[in-house]
Protein chains: 2
Amino acid sequence: MPVRDRRAERRAATRAEILDAAWELVRADGLAALAMRSLGARVGMRAQSLYAYFPAKHAIYDAMFADSTRQLLDRLTNQPPLDDPVDRLRRLARLFLGFCVEDPVRYQLLFQRTIPGFEPGPQSYALAVEALGHGRRALADCGIAGGRALDTFTGLVAGLAAQQNANEPGGDRWVRLLDEVMDMFLTRYPPTQGRQQQ
Amino acid sequence: MPVRDRRAERRAATRAEILDAAWELVRADGLAALAMRSLGARVGMRAQSLYAYFPAKHAIYDAMFADSTRQLLDRLTNQPPLDDPVDRLRRLARLFLGFCVEDPVRYQLLFQRTIPGFEPGPQSYALAVEALGHGRRALADCGIAGGRALDTFTGLVAGLAAQQNANEPGGDRWVRLLDEVMDMFLTRYPPTQGRQQQ
DNA sequence: GTCTATATCCAGATAGAC
DNA sequence: GTCTATCTGGATATAGAC
């Protein structure tokens, strides 16, 4: 039997094409405005034919959620090594904030629960937990321990993202405050490892 | 002619009743899940009859938005006087954060733009601008000037609200970090008026 | 296997009778 | 003011062509 499954390949390609089209629609009209009819139209299908690829509309959201989390994890993982843990922490914060603000709709899907009835599936959720682990480890590498420090760190960084996306999507009015906010954080939670240790 | 317009009074009462019912529904099922049919049913009407009181569903959202902003303004205004401006700033932050987390759905309506096609009307928006003015004045009273300080302040406080509502609605995991975050802020932007001046 | 055609059900919204 | 009737359109399921 043949090694390649051409049928499965074509199917996967079509699925990917549908997801791409979904992202385009959602960026243009808003996350909640995704409609099976227009999605089908964009890939040259009737709405009903989409159900051959996704069992329901929520399954499309779920696939988009998983895609996004994988993008974030890839970005967190594929970084050149950096010796100083405080530099790594600052880079992580910049990376995460950049990821959040470069696509407000993706941010809404990942971090705000605004689609009625949509909850990411367990495997999607596991990816999100893994992303949070990167933050925990980056703090631990700096010698900053404790859940309180982690909550404060996530609160500050995600807070800038929330303000930026809510009040000036696409801009940098809050993004450019990041260095200063990180200074505040590191003054309050002084690292015991790395360059800025006291 | 009579001084009281009983017709207008009854109409206003019905409008208020509809809005109350809308809040109940929205708190139970989510902001985006508000449906004219169920809203009508809850006040003993058919969905179509609601259009005698609100020209469209968005008009209901808009009235809810205006209601919420008025609640916030009332709360900001009706505070006992406090001599120290830094105390006033801290109280303002506590007040605002409490307002945001005590009703996550109201928070979503006011501060996240997640309903496709909904924008608050100009008079609703003006109320929101007025609320921001309270923050600006509270900072100015402390001798903390500049838009950068205001953006940082709002970013920090609203950031805690965003994290709290997104990750643990109804809880206090991020709310209880407020004092600490305010300490960070006041260390970075030292007040020149009031108790904590340096 | 994947498409088209069709049907059901639930939205928001409008027209017009009373 | 509230109703009935009706329109448009979206999600979803199924039957059947090929």
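- Partners of B:D179 under the side chain to side chain contact (heavy atoms under 4.5 Å, CB included) rule, at least two apart in sequence or in another chain, are B:R90, B:R94.
- Under the rule for a ring-ring contact (aromatic ring centres under 6.0 Å, His included), B:F54 has no partner lying at least two apart in sequence or in another chain.
- Judged as a salt bridge (charged side-chain N to carboxylate O under 4.0 Å, His left out), and not counting sequence neighbours, B:R6 has no contacts.
- Pairs engaging residues 134-145 of chain B under the salt bridge (charged side-chain N to carboxylate O under 4.0 Å, His left out) rule: B:R88-B:D141 [sequence neighbours left out].
- Counting non-hydrogen atoms under 4.0 angstrom, B:F54 reaches nothing in the nucleic acid.
- Note on B:Y53: only backbone sugar-phosphate atoms sit closer than 4.0 angstrom, heavy atoms only; bases stay farther off.
- Applying the side chain to side chain contact (heavy atoms under 4.5 Å, CB included) rule to B:F111 yields the partners B:F96, B:C100, B:Y107; only residues at least two apart in sequence or on another chain are considered.
- Sequence neighbours left out, the pairs with a member in residues 57-75 of chain B that pass salt bridge (charged side-chain N to carboxylate O under 4.0 Å, His left out) are B:D67-B:R70, B:R75-B:E102.
- Under the salt bridge (charged side-chain N to carboxylate O under 4.0 Å, His left out) criterion, B:E180 pairs with A:R148, A:R188, sequence neighbours left out.
- Counting non-hydrogen atoms under 4.0 angstrom, B:R7 reaches the backbone sugars and phosphates but no base.
- By the salt bridge (charged side-chain N to carboxylate O under 4.0 Å, His left out) test, B:R42 is found to be paired with B:E24, residues two or more places apart in sequence or in another chain being considered.
- Evaluation of the salt bridge (charged side-chain N to carboxylate O under 4.0 Å, His left out) test over residues 153-178 of chain A, restricted to residues two or more places apart or in two chains, returns A:D172-A:R176, A:R173-B:D151.
- Scanning residues 18-28 of chain A for heavy-atom distances under 4.0 Å to DNA chain D yields an empty list.
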Are any protein N/O atoms closer than 3.5 Å to N/O atoms in nucleotides 6-10 of chain D? If there are, list each pair with its distance.
residue, atom, partner, partner atom, Å
D:dG10, OP2, A:R37, NE, 3.0
D:dG10, N7, A:R37, NH2, 3.4

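- A cation-pi contact, defined as under 6.0 Å to the ring centre and within 45° of the axis, links B:R106 to B:F99.
- A 4.0 Å heavy-atom criterion places the boundary nucleotides of DNA chain C facing chain A at C:dT2 to C:dT6, written 5' to 3'.
- B:A47 comes within 4.0 angstrom of no nucleic acid atom, judged by non-hydrogen atoms across all strands.
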